[in-house]
Amino acid sequence: MTTMPTIRFTGLVSGIDFDQVIEAILEVRRQPIVQLQQRRELLRLQSDLWREIQQKLTDLQNAIKPFLIKGQALPFTASSSSPELLRASVSSDAVAGSYQITVKQLATATRVSSGFNGYALGVGAPVDINAPLQSQRSVLGIVTAGTFTINGVQISVDPTSDTLNDIINRINGSGAGVTASYDTATDTLVLTSPNPIALGSPNDTSNFLQVVGLLGSPQAFDGTNYVRQSTAHLGRLRGNVPLQDDNLRVALSQTTGSFTINGVTISYDASVDSLNAIIQRINQNVPDVQAYYDPIADKVVLVSKTTGSNSIARADVSGNLLDVLGLLDSGDNARAQVSLGKDAVIQVSGFNNDQDIVRSSNTISDVIPGVTLQLIAADPTKPVTVTVGRDAEALKSAIKTFVDKFNAAVSLMYQRLTEKPVENPKTEAERKVGLLRGDSTLVFIRSTLVREVTTPVSSLPSELQMLAQIGVRLNNDGTLSIDETKLQAAIETDPEKVLRLFFNDSDGDSFVDDVEDGIAVRLKRRLEDWLSSLPMPFGGNSVPSGVVARQPALLSLRMQEVDKRINELNERLNREAERLRRQFLALEQQIAYLQQRLGGQGLATVIGTNLQRLS
């Protein structure tokens with residue numbers, strides 16, 4: 001329900017617009033509120049300026065951190081003379097030097113794949129070329145009725161009555177110019193022709209060529225004929241049907257059973273579980289082995305997830321599934337193909353008495369201190385040189401970043417301290433100008449920053465105690481400038497000495513101790529103090545203890561006080577407005593009465609007297 005505003009009709013008797021008179025009186029009395037609102041806006045703008053300065057100092061704080069953390073401002077780097085054989089990375093514990101390394105052998109993972117005693121094909125049973133295609137669905141998959149095309153000639157197929165032998169004879173008698181045959185040794189369909197063999201057409205309605213693996217087969221030339229052959233043996237497993245319904249060459253001895261891989265027991269139910277489900281169960285439960293089915297070779301493969309000469313233990317517990325899949329070393333049928341993993345072998349000149357160093361992984365980090373070797377390829381005849389040294393460019397970049405952030409902070413403070421207010425400002429940016437002019441806290445912070453970066457680090461040798469000695473000079477406005485040539489020369493001469501100018505880590509523990517000095521150390525202490533957010537009591541409230549972090553909080557408290565005063569004056573003004581309306585209403589009533597009793601002359605006197613009283 002919408003609330004209708006109150007409608008007043010004033011001056012109906014006197015002819016005076018009392019609302020206008022009241023508004024004029026209130027406008028005069030509203031001036032203190034307007035002044036407080038202006039004061040509050042100035043406080044808000046000052047708070048924004050301090051937050052801007054706080055951010056610049058935070059940026060400077062982040063810029064000096066690399067100088068205080070071991071290996072960040074001056075990290076080690078490693079280069080390889082033959083990255084195609086060996087790559088290297090380093091940690092902060094590295095030692096500069098050059099190392100000759102020969103990669104003699106890479107580490108490989110153990111691999112076990114399906115294999116059978118006296119049988120060269122995979123897990124699945126060969127196709128029966130004399131059985132209707134429809135009855136071979138568990139072997140071939142589903143063949144659709146229709147036509148397929150060879151060399152532009154359409155050939156029909158009816159899977160309910162046609163055998164693979166029928167289709168072979170139909171191709172040979174089609175006039176397509178190819179000879180089709182079934183290779184019993186490989187369980188594949190083979191097409192030969194003196195001319196290139198074109199398979200398939202957009203008008204084909206049967207998927208026969210896809211099912212027998214001919215459509216995507218490569219075309220080879222044996223010097224006499226072109227040959228296209230099924231990409232895999234036709235009797236491979238389908239993998240997504242229950243095991244008891246799949247085309248297993250060797251029969252399962254029982255429907256349910258279990259086996260172990262590396263000591264982990266895997267159970268199965270052949271009436272429910274497919275080969276894909278068994279593989280997934282292995283991968284989920286055996287932490288150090290990855291299993292997969294290769295549909296081209298029609299074999300199950302187990303691969304160790306780690307390199308080195310570790311075997312993969314396999315055993316049937318109940319039932320014979322591993323034997324059926326050809327994954328046992330000496331089962332009734334299985335003769336698994338095992339490729340035992342190898343250990344990596346390297347030689348590092350001067351290490352281990354120049355004897356071979358053997359590790360199970362191609363990532364080696366325990367030979368050269370602080371250096372991790374990543375073996376890529378083996379070449380026993382080609383030594384690789386790995387060079388470990390300091391990254392002088394990283395130090396130069398860190399110094400430039402420090403100077404940029406220092407200048408940004410000092411320049412902003414100089415600007416705020418010296419700028420004069422804008423007359424008749426129109427934008428918020430113009431209203432901010434001059435609000436921190438001459439601020440004593442800001443003067444102290446700026447002068448302290450400049451002093452800390454220009455005071456010599458007396459704990460260092462006299463030839464390198466000041467930034468100016470490495471080409472970083474102080475300008476008249478308090479900013480820093482870099483002499484690129486001098487800085488580059490100082491870093492190339494002794495980068496570690498340049499780093500000590502920022503952090504003279506006298507005990508080498510990478511921790512700033514109370515007695516240690518340096519440009520970055522000094523700034524760290526100052527900035528941590530100024531930017532601290534730890535609370536401290538202030539007039540019944542809590543504010544940050546850091547002098548810079550505290551400024552916006554103090555200004556916020558003052559804004560709250562102003563807001564409280566504004567609210568009080570607004571409430572008082574509302575009460576005053578209501579009082580005036582009641583008085584003017586009473587005056588209207590009095591005027592109406594006097595009009596009847598006194599007439600115009602006496603009435604004017606009464607009105608004047610009352611207006612003076614109301615105002």
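This one's a predicted model, so the numbers in the text were calculated from it and none came from an experiment. Just so you know, these numbers use all the heavy atoms, side chains as well, and skip hydrogens, waters and symmetry mates.
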Side-chain donor/acceptor of Asp343 to backbone N/O of Ser309, under 3.5 Å: yes

Side chain to side chain, Leu464 and Ile470, heavy atoms closer than 4.5 Å: yes

Donor-acceptor pair between Gln229 and Ser217 side chains, under 3.5 angstrom: no

Distance-only polar pair, side chains of Ser193 and Asn195, donor-acceptor under 3.5 Å: no

side-chain contact (heavy atoms from CB on, under 4.5 Å) between Arg170 and Asp162, worked out: CA-CA 10 Å; Arg170 196 167 297 154; Asp162 288 334; 2.9 Å; yes

Asp329/Arg314 under salt bridge (Lys or Arg N to Asp or Glu O under 4.0 Å): CA gap, chis, key distance, verdict: CA-CA 8 Å; Asp329 295 331; Arg314 296 143 281 131; 2.9 Å; yes

Heavy-atom side-chain contact between Ser349 and Asp354 under 4.5 Å: yes

Polar side chain donor-acceptor pair, Asn504 to Ser506, under 3.5 angstrom: no

Verdict with supporting geometry, Thr163 and Asp166, side chain to side chain donor-acceptor pair (under 3.5 Å): CA-CA 5 Å; Thr163 66; Asp166 292 334; 3.2 Å; yes

Side-chain heavy atoms of Leu531 within contact of Thr58, under 4.5 Å: yes

More than 12 heavy atoms from other groups under 6.0 Å of CZ on Phe511: no

Non-hydrogen side-chain atoms of Ser206 and Thr147 separated by less than 4.5 Å: no

Worked check of salt bridge (Lys or Arg N to Asp or Glu O under 4.0 Å) between Glu484 and Lys400: CA-CA 10 Å; Glu484 293 271 356; Lys400 285 186 172 183; 3.0 Å; yes

Other residues, nucleotides, ligands: >12 heavy atoms within 6.0 Å of Ile69 CD1: yes

Validation row: Asp128, Gln136 side chains within 4.5 angstrom (heavy atoms): yes

Greater than 12 external heavy atoms within 6.0 Å of Arg390's CZ: yes

NZ/Lys405: more than 12 non-hydrogen atoms of other groups inside 6.0 Å: no

Under 3.5 Å: donor-acceptor pair, side chain of Asp323, backbone of Asn333: yes

Chi angles and distances behind the side-chain contact (heavy atoms from CB on, under 4.5 Å) call for Gln61, Glu528: CA-CA 8 Å; Gln61 188 179 43; Glu528 284 179 349; 3.8 Å; yes

Residues Asp183 and Thr188: side-chain donor-acceptor under 3.5 angstrom: no

Parallel, tilted or perpendicular: rings of Phe406 and Phe402 (30°, 60°): tilted

Minimum side-chain heavy-atom gap Ile312-Asn262 below 4.5 Å: yes

Closest approach of His233 to Gly124 (non-hydrogen atoms, all atoms of both residues): CE1-O, 3.6 Å

Check: Gln280/Asn276 side-chain N/O donor and acceptor closer than 3.5 Å: no

side-chain contact (heavy atoms from CB on, under 4.5 Å) evaluation trace for Leu234 with Val139: CA-CA 7 Å; Leu234 299 180; Val139 182; 5.5 Å; no

Nearest-0.5 Å distance that lies between atom OH in Tyr292 and atom NZ in Lys299: 11.0 Å

Atom CZ of Arg111: over 12 foreign heavy atoms under 6.0 Å: no

Spacing of Arg500 atom CZ and Leu74 atom CG [to the nearest 0.5 Å]: 10.5 Å

Side-chain donor-acceptor pairs of residues 148-155 under 3.5 Å, sequence neighbours excluded:
| from | atom 1 | to | atom 2 | distance (Å) |
| --- | --- | --- | --- | --- |
| Thr149 | OG1 | Asp204 | OD1 | 2.6 |
| Asn151 | OD1 | Ala198 | N | 2.7 |
| Asn151 | ND2 | Ala176 | O | 2.9 |

Least distance between heavy atoms, Lys342 atom then Gln105 atom: CB-NE2, 3.5 Å

No-hydrogen, no-angle side-chain donor-acceptor test under 3.5 Å, Asn320 and Ser253: yes

Distance-only polar pair, side chains of Thr160 and Gln134, donor-acceptor under 3.5 Å: no

Heavy-atom side-chain contact between Asn362 and Gln374 under 4.5 Å: yes

Nearest heavy-atom neighbours spanning Asn285 and Val264: O-CG1, 3.7 Å

Heavy-atom pair of closest approach, residues Ala109 and Ser304: CB-O, 3.4 Å

Distance-minimising heavy-atom pair for Thr102 and Pro380: CG2-O, 3.5 Å

Interatomic spacing from CG in Asn310 to CG in Asp288 - rounded to 0.5 Å: 8.5 Å

Stepwise side-chain contact (heavy atoms from CB on, under 4.5 Å) test for Phe259 and Ile282: CA-CA 10 Å; Phe259 58 89; Ile282 294 171; 4.1 Å; yes

NZ on Lys65 to OG1 on Thr401, rounded to 0.5 Å: 14.0 Å

Atom pair CD1/CG of Ile142 and Leu133 - distance to nearest 0.5 Å: 12.5 Å

Axial cation check for Tyr119 ring with Arg249, 6.0 Å and 45° limits: yes

Atom of Gly389, atom of Ala96 and distance for their closest heavy-atom approach: CA-CB, 4.4 Å

Interatomic spacing from CG in Leu85 to CD1 in Ile101 - rounded to 0.5 Å: 11.0 Å

